[in-house]
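Everything below concerns the one structure shown next.
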Amino acid sequence: MNQSLLIRRPDDWHLHLRDGAMLNAICGYSAHFGRAIIMPNLVPPVVTGEQARSYRSRILAALQKHVTLRPLMTLYLTETTDPADVVQAHRDGVIAAVKLYPAGATTNSASGVRDFNKVRPVFEAMAEAGIPLCVHGEVTDPDIDIFDREAVFIDRVLDPIRRKTPGLRVIMEHITTSDGADYVRSQDNLGATITTHHLVINRNHILVGGIKPHYYCLPVAKRESHRIALRQAATSGDPRFFLGTDSAPHPDHAKESACGCAGCFTAPNTMSILAHVFEEDGALDRLEKFASLNGAAFYGLPANDDTIRLVRRDTPATYPAKVPAGDDEVTVFDPGFPLYWHVEDNA
Ligand code: NCD
Ligand code: ZN
């Protein structure tokens with residue numbers, strides 16, 4: 001008999017939907033999700049409430065009626081962000097959070113923050129208004145080894161920010177290390193998203209037997225012991241850890257390049273992969289917490305009312321290796337194992 005699991009509809013607390021032809025091509029692949037926190041790192045970035053409102057309309061137009069995903073918008077924090085604009089956009093229901101990118105840390109982060117003291121008034125206003133801060137937690141100092149960037153960021157940047165503004169609610173986005181997971185467990189007012197791909201790959205997958213550009217993302221996957229720590233955090237049921245896929249599509253030509261972009265496109269097969277991972281770790285009963293309950297609770301929102309069913313069949317679910325996007329193609333993340341868990345979404 002097929003094994004089956006009914007869970008509340010999941011949410012994606014970290015998603016890149018892009019814009020224009022790419023947005024139109026890929027947004028439907030997140031259809032299983034109820035809500036998604038939409039990353040603002042467009043070119044140019046989404047920095048004002050007005051820009052977030054307009055980006056949200058473009059997303060809703062792309063989703064049309066057949067995809068019920070509700071986009072929760074974010075603002076891209078810059079050194080000139082006006083605290084009053086942030087508070088107003090939140091009060092008007094336009095944004096759910098603000099995103100901090102250290103300048104130069106990742107894709108389209110050139111307008112990010114260099115001097116964290118300059119954005120302190122924004123943090124103070126956010127703490128006061130209860131607006132969460134999503135953090136890309138990597139230092140960009142060229143002297144720091146790329147595999148140490150997350151751990152150093154916690155000590156040098158994140159902990160000082162949180163001490164100076166203790167009321168600020170922070171989400172460490174896409175944690176990749178045991179240091180990140182341990183820090184989250186030791187603090188209040190702090191949660192973390194974990195991606196699908198960081199539960200599956202370590203740095204060997206990127207580098208052994210030839211370089212694999214489609215496994216390259218930021219923060220870069222670390223050594224195996226960190227992957228195991230992330231699996232323990234995700235499958236533990238601990239309310240501070242929740243799903244943020246960081247599904248980040250790039251055209252194949254931009255990834256398969258001498259200077260390839262960072263980002264894994266995991267939206268299409270994420271729920272099948274997660275069911276596999278949680279089953280492997282004997283934690284299927286906690287998948288709903290990670291994917292559907294913990295994130296909503298952290299953001300102070302109710303869980304979704306409806307459900308999806310995951311069914312384990314004898315034959316694997318099939319997902320396309322690539323999806324078309326305008327004149328380009330985007331490669332779908334390959335977990336490297338067959339996916340026996342099928343998503344049945346009858347909503
Ligand atoms: C993201 C992107 O492509 O926008 N890339 C990635 O590797 N995760 C940016 C980000 O979230 O760091
Ligand atoms: Zn991201």
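Atoms within a ligand are numbered from 1 in the order they appear, just like the ligands themselves.
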task: Is it possible for you to check whether Arg9 lies under 6.0 Å from the centre of the six-membered ring of Phe33, through NZ or CZ, and within 45° of that ring's axis?
output: no
field: Parallel, tilted or perpendicular: ring planes of His174 versus His14, cut at 30 and 60 degrees
entry: tilted
query: Take atom CG in Asp188; do more than 12 heavy atoms of anything else shown fall under 6.0 Å from it?
result: no
Student check: side-chain heavy atoms of Glu224 and Arg203 closer than 4.5 Å: no
Protein heavy atom at shortest distance from atom 8 (N) of ligand 1: Asp246 OD2, 2.7 Å
Side chain, backbone, both or neither: Glu138 near ligand 1, heavy atoms under 4.0 Å: neither
- prompt: Can a donor-acceptor pair be found between the side chains of Glu256 and His214 at a distance below 3.5 Å?
  reply: yes
task: Hey, can you tell me if Phe116 and Phe153 have their rings parallel, tilted or perpendicular (30° and 60° cut-offs)?
output: perpendicular
- prompt: Which atoms of ligand 1 have any heavy atom of Cys217 under 4.0 Å away?
  reply: 7 (O)
- prompt: Looking only at protein heavy atoms, which one is nearest to atom 5 (N) of ligand 1, and how far off is it?
  reply: Ala262 O, 3.1 Å
- prompt: ligand 1 and Tyr101, any nitrogen or oxygen pair closer than 3.5 angstrom?
  reply: no
- request: State whether Asp246 contributes an N/O/S atom found under 2.8 Å from the Zn ion (ligand 2).
  value: yes
field: Parallel, tilted or perpendicular: ring planes of His276 versus Phe337, cut at 30 and 60 degrees
entry: parallel
task: Could you tell me if any non-hydrogen atom of Arg18 lies under 4.0 Å from any atom of ligand 1?
output: yes
field: Proximal atoms of ligand 1 relative to His136 (non-hydrogen, under 4.0 Å)
entry: 12 (O)
- prompt: To the nearest 0.1 Å, how far is atom 10 (C) of ligand 1 from its closest protein heavy atom, and which atom is that?
  reply: Thr106 OG1, 3.4 Å
statement: In this structure, atom 1 (C) of ligand 1 is nearest to the protein heavy atom His16 NE2, 3.6 Å
- prompt: When you check the side-chain N and O atoms of His16 and Asp246, is any donor under 3.5 Å from an acceptor?
  reply: yes
query: Where's the contact between Asn108 and ligand 1, heavy-atom distance under 4.0 Å: side chain, backbone, both or neither?
result: neither
- request: Output yes when the distance from some N or O of ligand 1 to some N or O of Leu218 is under 3.5 Å, and no in every other case.
  value: yes
- prompt: Hey, is ligand 1 close enough to Thr107 that some N/O pair sits below 3.5 Å?
  reply: yes
message: Would you say the Zn ion (ligand 2) has His174 as a near neighbour, meaning an N/O/S atom of that residue under 2.8 Å away?
response: no
- prompt: Which one holds for Glu173 and ligand 1: side chain close, backbone close, both close, or neither close, with close meaning a heavy atom under 4.0 Å?
  reply: neither
message: To the nearest 0.5 Å, what is the distance between OG on Ser111 and OH on Tyr76?
response: 4.5 Å
- request: Could you tell me whether the Zn ion (ligand 2) has an N, O or S atom of His136 under 2.8 Å away?
  value: no
task: Between His14 and ligand 1, find which residue part has any heavy-atom pair under 4.0 Å and reply side chain, backbone, both or neither.
output: side chain
- request: Can you label the angle between the Phe242 ring and the Phe298 ring as parallel, tilted or perpendicular, going by 30° and 60°?
  value: tilted
message: Counting only nitrogen or oxygen atoms and a 3.5 angstrom limit, does Gly263 reach ligand 1?
response: yes
field: Any side-chain donor near an acceptor of the partner, Lys99 and Thr74, under 3.5 Å
entry: no
